[in-house]
Novice: 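Here you go, one structure.
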Number of protein chains: 2
Amino acid sequence: MAEKIKEECEKRLLPVRDALDILSGKWKLPIIVALFFGNKRFKELEREVKGITGKMLSKELKDLETNQLVKRTVLDTSPVAVEYSLTKYGKSLEKLITELYKWGEKHRKMIIGK
Amino acid sequence: MAEKIKEECEKRLLPVRDALDILSGKWKLPIIVALFFGNKRFKELEREVKGITGKMLSKELKDLETNQLVKRTVLDTSPVAVEYSLTKYGKSLEKLITELYKWGEKHRKMIIGK
DNA sequence: CAGTATCCCTCGGGATACTG
DNA sequence: CAGTATCCCGAGGGATACTG
């Protein structure tokens with residue numbers, strides 16, 4: 001029956017690893033959080049996601065687009081404007097992000113409270 | 001008022017970054033998930049967290065101990081046995097992990113369903 | 001068993017300059 | 001504005017051998 005537990009454990013680990021793969025890296029979740037506050041242009045994101053470089057932002061947005069979490073829309077203005085928004089699928093991360101936020105806040109308080 | 005949104009966004013980002021810092025890397029969450037299935041010895045963890053090396057496991061466990069998510073207990077058997085368990089604080093990650101699991105599962109289904 | 005010590009190498013990610 | 005192209009560095013992490 002130790003075997004049973006081990007199998008259960010491994011089954012449980014798989015989806016967690018899958019999620020981690022998609023959301024890995026320093027910037028993906030912060031970008032997504034920013035987009036929860038509304039659609040944004042490239043430069044806006046660059047300003048609001050503190051510390052990110054243009055190159056990283058560009059690369060991460062591509063990854064997120066590939067995984068269908070983010071949608072890229074080119075507006076036919078002049079000069080060109082590009083708008084990034086969360087897809088419905090991207091928005092399905094809301095609960096996860098809320099939990100991440102809540103836990104991070106708790107942790108912060110604990111550290112400061114020391 | 002665009003200012004307001006921007007500030008809100010930045011405030012929201014901080015705790016998320018904090019949480020990400022603690023939980024960063026390839027192995028921390030998988031180790032924690034494994035420990036949710038019960039206290040485990042070093043070798044058990046090494047077997048159950050597929051792909052991890054001894055060195056990484058050792059290092060990550062130390063980090064988790066430092067951040068008070070995991071407790072290390074030396075049992076006075078011979079040869080020595082060491083048991084790792086989640087602290088109450090570590091267990092407070094349960095909801096977050098559940099969301100991660102649920103989302104990962106959904107994502108997996110979507111990919112396969114294509 | 002429960003680790004530590006070394007060596008090594010990939011790759012995530014930063015800085016800077018440039019383009020349509 | 002919305003990116004690309006280069007160059008470069010250090011940390012994260014793997015393989016292997018060794019220790020109390």
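This is a predicted model, so every value here is computed, not measured. Excluded from the calculations below are hydrogen atoms, water molecules and symmetry mates; all remaining heavy atoms, backbone and side chain alike, are included.
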Novice: Please report, rounded to the nearest Å, how far the C1' atom of C/dG3 is from the CG atom of B/D63.
Specialist: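 These atoms are roughly 15 Å apart.
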Novice: D/dA2 phosphate, OP1 or OP2: any side-chain N/O from A/R41 under 4.0 angstrom?
Specialist: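 Affirmative; the distance criterion is met.
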Novice: With the threshold set at 4.0 Å, does a side-chain nitrogen-carboxylate oxygen contact exist between B/K28 and B/E60?
Specialist: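 Salt bridge: yes.
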Novice: What is the distance, to the nearest angstrom, from the CG atom on A/L61 to the P atom on D/dT4?
Specialist: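 Going from A/L61 (CG) to D/dT4 (P), I get 10 Å.
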Novice: Are A/K6 and B/E48 ion-paired here, with the side-chain N under 4.0 Å from a carboxylate O?
Specialist: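 Looking at A/K6 and B/E48, the cut-off is not met.
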Novice: Nearest 0.5 Å please: distance from the CG atom of A/L45 over to the CD1 atom of A/I52.
Specialist: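 Answer for the CG-CD1 pair, A/L45 versus A/I52, is 8.0 Å.
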Novice: Starting at atom CG of B/N39, determine the distance to atom P of C/dA2, rounded to an integer number of angstrom.
Specialist: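 After rounding, the reported distance stands at 13 Å.
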Novice: Determine: side-chain N/O of B/S58 to OP1/OP2 of C/dA2, distance under 4.0 Å, yes or no.
Specialist: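 Looking at the OP1 and OP2 atoms of C/dA2, neither is under 4.0 Å from any side-chain N or O of B/S58.
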Novice: Can you give one letter per nucleotide of nucleotides 7-20 of chain D, 5' to 3': B if a protein heavy atom sits under 4.0 Å from the base, S if only from the sugar-phosphate, - if neither?
Specialist: B-----BBB-----
Novice: Quickly work out the A/K62 NZ to D/dA2 C1' distance and round it to whole Å.
Specialist: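 Distance check: A/K62 NZ to D/dA2 C1' gives 11 Å.
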Novice: Mind checking the CD1-NZ spacing from A/I31 to A/K26? Nearest 0.5 Å is all I need.
Specialist: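 Answer rounded to 0.5 Å: 12.0 Å.
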Novice: Counting only side-chain N and O atoms of B/Y84, is one of them less than 4.0 Å from OP1 or OP2 of C/dC1?
Specialist: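 For C/dC1, OP1/OP2 do not have a side-chain N/O of B/Y84 under 4.0 Å.
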Novice: What is the separation between atom CZ on A/R72 and atom P on D/dC1, rounded to the nearest whole Å?
Specialist: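 So the CZ-P distance, A/R72 to D/dC1, works out to 16 Å.
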Novice: State whether A/Y101 and B/R12 meet the cation-pi test: NZ (Lys) or CZ (Arg) under 6.0 Å from the six-membered ring centroid, and within 45° of the perpendicular axis.
Specialist: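 Geometry flag: set, cation within 6.0 Å and 45°.
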Novice: Below 4.0 angstrom, N of the basic side chain to O of the carboxylate: do B/K102 and B/E105 qualify?
Specialist: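 Looking at B/E105 together with B/K102, the answer is no, because their closest N to O distance does not fall below 4.0 Å.
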Novice: So, are A/E65 and A/K71 salt-bridged, with charged N and O less than 4.0 Å apart?
Specialist: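 Salt bridge between A/E65 and A/K71, a charged N being under 4.0 Å from a carboxylate O: no.
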Novice: So what does the secondary structure string of DNA chain D come out as, 5' to 3', with Watson-Crick or wobble pairs under 3.5 angstrom, [ ] for crossing and | for pairs with another strand?
Specialist: ||||||||||||||||||||
Novice: Please give, in whole Å, the distance from C/dT4 P to B/K43 NZ?
Specialist: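 Between P of C/dT4 and NZ of B/K43: 13 Å.
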Novice: Can you tell me which residue among A/K40, A/R72, A/R41 is in a side chain to side chain donor-acceptor pair (under 3.5 Å) with A/Y84?
Specialist: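 Among the candidates, only A/R72 passes.
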Novice: Just by modelled atom types, is the B/N39 backbone N or O under 3.5 Å from a matching donor or acceptor in the B/S85 side chain?
Specialist: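 Side chain of B/S85 to backbone of B/N39, a donor-acceptor pair under 3.5 Å: no, none is there.
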Novice: Please report, rounded to the nearest Å, how far the C1' atom of C/dA2 is from the CD atom of B/E65.
Specialist: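 Value for this atom pair: 13 Å.
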Novice: Just how far, in rounded Å, is P of C/dG3 from CD of B/E46?
Specialist: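 In whole Å, C/dG3 P and B/E46 CD are 10 Å from each other.
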Novice: Check whether any side-chain nitrogen or oxygen of B/R47 sits under 4.0 Å from OP1 or OP2 of C/dA2, and answer yes or no.
Specialist: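 No, no such contact exists.
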